[in-house]
Amino acid sequence: MEVKPTGQSKAGDWKNFQRVLLPPVKDLHKLEVYEAEGGYQTFRDALSTAKWTPPAVTEEVQQSVLRGRGGAGFPCGLKWTFMPPVDENVPRFLCCNADESEPGTFKDRQLMEYNPHLVFEGILLACYAMSIKTAYIYVRGEFADWITHMEAELEKVYAKGYVGQNILGSEFSTEIVIHKGAGAYICGEESSLMDSLEGKRAYPRVKPPFPAQKGIWGYPTTINNVETLACVPLILRYGGEWFSQIGAERHPGPVLYGISGHVNRPGVYEYPTGMLITDLIEQVAGGMRNGKKLKAVVPGGSSTPILTAAMIDGVTMDAETLRDAGSMMGTGGMLIMDEDTDIVAWLRRVTHFYHHESCGQCTPCREGTGWLENIVSRIEEGEGNIRDLDLLVDLCSQMEGRTVCALADAAAWPVRYTIERFREEFEARCRPSLVPGAEVMETVE
Amino acid sequence: MAKITIDKTIFEFEGDQPSLLQFCLDREIELPHFCYHPAMSAPANCRQCLVEIGNPERDRETGQIMVDEEGNEVIRFFPKLMTSCSENISDGLVVRTQRSSDLVRRAQKDNLEFLLINHPLDCPICDQAGHCPLQNQAYKYGPEGSRFEFRKVSKPKHIRLGPRVVLDAERCINCTRCTRFTSEISKSHQLTIVERSVKNYPMTPPGIEFDEPYSMNVIDICPVGALTSEDFRFKARVWEMSSTPSITTTNAKGSNCYYWVKDNRVLKITPRTNMNVNEFWLADDDRLDYERFNDDRPPGPTVDGEASSWEDGYARAAHILGNVDGNRIAFLGSAHASVEDNYLLARLAEKLGTAAPMYIEHVEVGSGDDWLRTDDRAPNASGCARLGFTVADADLFGPRLKGGEIDVLYVLEDDPVSTGLCTSDDLHGVSVILHHYNESNQTLPLATVSLPAATVVETVGTFVNIDGHAQRVRPAKAIRGVNRTLAMEIGRSRADQHGTPFDRWYNEENLINCQPGWVSVPGVANALGLDMPTTNPKAIMAELASTNSAFEGATYSAMGEYGIRLSEIGETV
Amino acid sequence: MTNFIKDPVVMMAERNPDPVFSNDELVFSDQEKRLIERWKSQYPTVDGAIMRVLWLAQEKFGFLPPEVIRLTADEVGIPYANAYGVATFYTQYYKKKRGKHVLDVCTCFSCQVCGGYDILHYLESKLGIHVGETTDDGLFTLQEVECLGACGSAPMLQVTNGRYVMDLTHERVDALIDTLRKGKTPEFTSVTLPQDEDELGGNRRSDVKEFQASSPRPVSETVR
């Protein structure tokens with residue numbers, strides 16, 4: 001059932017929002033600056049204060065209603081509770097997912113560039129909460145420069161004694177290892193990320209078992225997105241209650257909106273969740289380029305269903321509202337397209353992406369993604385038939401929910417919804433239908 | 001007892017269970033699948049075995065299973081279809097397969113459509129056709145046509161992965177059974193999937209030959225015709241051959257196999273599952289050990305190097321044996337021959353007052369491994385030992401011959417010259433009676449009487465493997481002449497009767513003029529006027545099973561298709 | 001332009017190619033070996049280190065012919081086939097020799113609608129090669145790649161798996177090619193957060209070259 005959007009921003013007084021993930025501090029990426037700004041104090045407190053037992057940290061994160069920022073929006077604290085009880089003989093792992101590869105998404109890279117220590121501190125707190133002794137940061141290989149930067153900062157953190165054995169004289173020990181990917185979108189999917197870490201071809205795994213039961217090397221593992229982990233120190237510092245009051249009620253917190261496409265000021269913006277899309281375009285990102293009209297918005301990365309200009313009225317950026325509006329929050333990486341955009345060509349390029357990035361493991365995705373690209377490509381070239389549109393939708397149904405991981409769904413949704421929402425444009429590119437009788441109808445018109 | 005409902009039928013179970021797919025297969029509930037193999041991990045990548053899975057809904061407060069107005073349990077089904085190969089069985093599970101669910105039927109059909117879009121339509125020239133899981137399942141569960149109107153992806157074809165396995169990557173459906181075999185089972189690690197997306201296919205890394213001694217297993221487990229046998233390619237269609245369950249004889253493991261026969265020639269050998277012996281696998285040596293059944297076979301019996309009739313051969317052998325003192329005869333049994341043949345030889349020796357036969361050991365140290373290939377290159381040394389035969393010692397045997405202690409050497413289905421037990425010179429002046437399989441037998445030129453013997457694919461008999469597992473062999477192809485026992489067995493052992501005299505395509509080509517030991521040894525005995533009451537192999541084993549503790553219980557019916565494990569010699573039961 | 005949809009042919013890598021590197025060359029230095037040992041110690045089993053070691057080998061040898069992949073496998077202690085499977089799965093590992101500078105132009109998603117293809121075609125005509133090809137002088141290889149995660153700075157490209165060059169215009173492409181021809185590496189540029197421009201008056205990082213995003217967004221002339 002579609003709920004009529006209220007048309008109200010849920011971001012409150014967003015214009016006066018004080019950034020917390022990327023606070024306006026010069027050179028915050030340097031350890032000394034981060035510390036001077038109170039960095040790592042939360043972690044010190046967690047280690048030294050009786051109040052902050054590991055379960056209490058998890059409890060606080062649950063209180064905050066922090067939802068994963070990697071795309072699926074799963075409650076972070078709840079995910080942490082899935083870890084089995086500590087068994088000293090069984091290693092357990094944290095993995096920070098910095099494989100940011102979803103087209104339209106570029107916020108984690110900025111966070112790692114400008115506030116890496118917040119990420120490190122979040123990782124340390126998560127490790128502390130779940131009694132984890134090794135954390136991997138899986139960074140996509142393309143982010144070579146940012147890996148270099150982070151490794152340099154990480155060395156300083158090691159030297160400072162925030163990471164390693166018996167951290168700050170406590171019982172708690174943990175290591176952080178940066179793992180460099182090498183070019184594969186699928187590694188952002190948590191189970192193939194685990195295979196990749198293990199030095200294998202990155203094939204997603206069947207779930208269940210879930211990572212908390214059987215993760216990296218078969219051991220209990222929790223995987224969180226960069227931005228999600230960066231929220232953790234803030235939650236402990238200011239309180240879960242504080243966090244839960246920011247933005248949309250059921251999807252609260254500060255969030256990094258990555259706005260790209262035909263706006264005047266694209267980039268990463270930190271605001272509360274629940275911003276009106278129209279506010280983000282017009283007031284935040286400087287409006288449409290050259291005064292053009294808005295055509296479409298993809299709200300959270302390439303796999304989230306496209307919204308037409310007409311559909312975004314009163315829609316806010318939070319999971320529930322976007323779901324009701326017919327899309328998803330995804331990663332918050334928004335693509336804004338203006339009236340001149342060739343939506344057929346755009347969809348063809350999206351289908352090419354999924355065809356290229358399918359890991360090839362399971363049938364519907366390996367075969368279906370190529371078939372989709374073939375058909376959309378034919379339509380783009382004016383060689384398609386009207387019936388191709390129905391075939392495309394049919395193929396989407398054959399792919400959705402039938403594969404090991406969600407890549408097939410991610411590939412199918414853009415096709416399904418772009419055709420549904422821009423059908424006339426596709427029809428206009430197609431040859432007349434070959435269905436008997438259809439041509440007669442056209443003649444009558 | 002725990003229960004699970006599959007298509008409205010309730011199955012009870014206890015204890016640990018395999019995956020849902022295997023649970024169904026074990027109960028002859030067919031579920032289409034490609035990537036799943038019971039011996040390997042289940043990546044669930046083919047997506048063909050999708051089913052609906054549900055659990056009884058429980059009241060949140062009371063924990064009681066909820067029931068509807070008619071008293072039936074309320075089942076909550078998972079929103080997505082699940083792969084049965086990766087699904088564990090739990091009490092109360094409710095499963096809907098293609099038999100009862102439109103959703104499942106549709107999903108299976110859709111998946112087959114995807115599998116076929118890039119699969120070549122070359123079934124007419126594909127070795128796999130006729131026993132191809134993809135072909136069969138596409139017929140049974142697939143769509144009627146294809147809606148794919150684009151060029152299929154071209155991939156490397158007829159690539160020789162190694163000396164014995166050929167790849168056609170276009171036919172590959174990426175089930176990864178082959179790569180899982182080399183990484184999980186044989187651990188040769190010679191194969192990997194290369195590239196990614198629809199471009200991927202299995203391959204050796206550059207510079208590596210897929211030459212491990214078990215490489216051909218990937219041919220059987222390949223659910224399509226992507227991996228075929230270099231040796232067998234294009235030789236025969238599956239429906240032109242008969243297959244007979246039996247065992248291989250290149251070594252002492254006694255791996256279970258099928259012999260595939262066309263026009264009375266064995267064309268290939270494939271594994272037969274026996275969890276107590278070889279599980280699902282077969283060594284390449286075993287698979288390629290068939291030419292000796294077809295070629296290099298003797299035309300018939302000889303006497304003094306001249307062709308003769310069987311009667312003349314028996315008569316001459318009897319004449320030789322009857323005219324010497326029993327202690328001047330040496331009998332050699334055979335680790336290649338069946339227990340039955342060796343037993344009859346022992347009876348003959350006994351009647352002639354000769355010492356029990358010895359046998360030649362065929363151990364080649366280092367030729368085996370700790371899996372399906374043993375250092376012992378003969379199939380029945382255990383059977384000989386259990387009959388009380390001792391190993392013939394070359395250091396003693398040759399000198400005895402040379403020293404003139406022996407006038408007659410009686411050899412059952414072996415070759416003392418080529419094995420080095422004695423030299424041609426040693427046999428100077430010795431009368432040799434030889435039952436042999438092949439023309440190239442190096443003792444044959446020295447034989448006074450030669451009696452061609454039926455090989456393992458032409459006879460009925462029992463072999464005991466290195467672990468004491470007693471197994472029957474059955475005739476896979478006919479021999480020249482009529483033998484009621486063989487005719488009966490050949491009819492029984494081949495469900496299809498293909499190539500048997502009862503088949504309309506039966507032909508007389510390539511029939512070998514030979515006799516099983518249990519025909520020819522009594523033939524000699526009879527010519528000697530000796531009474532050998534039990535000459536039927538089944539009766540021999542019945543007798544041994546009840547009189548000789550080393551073969552206790554080893555009757556034909558007990559051995560059946562999979563054999564029985566005999567107790568250790570000397571072990572009391 | 002190579003189009004897999006139009007010409008869906010998967011070429012097989014040569015099965016027994018002549019080695020590019022001699023056995024004398026196929027060694028890691030002691031320092032590199034120490035690094036490899038450290039990576040191996042960072043995972044529960046040594047397998048986890050293979051990706052890092054492949055990277056190291058690619059930096060050392062320029063690309064990954066089979067003998068180099070085999071060297072990495074031996075050094076890590078995993079089967080060669082596994083290392084080869086991994087190397088062919090990930091696109092950033094060069095299985096074939098590339099030009100000295102590889103220009104990975106993003107044409108995906110945001111970059112497509114902001115002129116990624118214009119940049120790609122401009123580079124094609126500027127360098128006189130098609131996408132996927134290398135210039136005769138061996139200096140440049142041009143590739144079309146998927147989203148590189150710099151969508152706010154579209155169109156953009158990456159130079160040889162390293163530096164990002166963002167907010168491309170023809171002029172910036174010209175400057176980049178000049179820089180590379182001179183044997184220099186383009187400087188790391190930090191794309192300023194719009195909010196920092198407002199609140200901090202510019203880029204927050206004082207240690208890197210700052211770069212103000214261009215405005216407004218370019219218009220894409222071509223979409224394929």
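Chain letters run A, B, ... following the sequence lines, proteins first and then strands; every chain starts at 1.
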Worksheet item: Would you say B:Glu209's side chain and B:Gly162's backbone share a donor-acceptor pair under 3.5 angstrom?
Response: no
Discussion item. Consider ring-ring contact (aromatic ring centres under 6.0 Å, His included). Of C:Tyr93, C:Phe61, C:Tyr94, which one does C:Trp55 pass it with?
Written reply: C:Tyr93
Worksheet item: Where does B:Ile193 contact chain C at under 4.5 Å (heavy atoms): side chain, backbone, both or neither?
Response: backbone
Worksheet entry | B:Gln190 portion near chain C, given a 4.5 angstrom heavy-atom threshold | backbone
Worksheet item: Counting heavy-atom pairs under 4.5 Å to chain C, which of B:Lys199, B:Glu170, B:Lys155 comes out on top?
Response: B:Lys199
Discussion item. Pair B:Phe181, B:His37 - check ring pair (Phe, Tyr, Trp, His ring centres under 6.0 Å), show working.
Written reply: CA-CA 10 Å; B:Phe181 175 80; B:His37 189 285; 8.6 Å; no
Response to the item:
Looking only at C:Glu14, C:Met12, C:Glu67, the option with the highest number of non-hydrogen pairs under 4.5 Å against chain B is C:Met12
Fill in: Pair C:Lys95-C:Phe63, side chain to side chain contact (heavy atoms under 4.5 Å, CB included): steps then yes or no
CA-CA 6 Å; C:Lys95 275 70 70 178; C:Phe63 71 116; over 6 Å; no
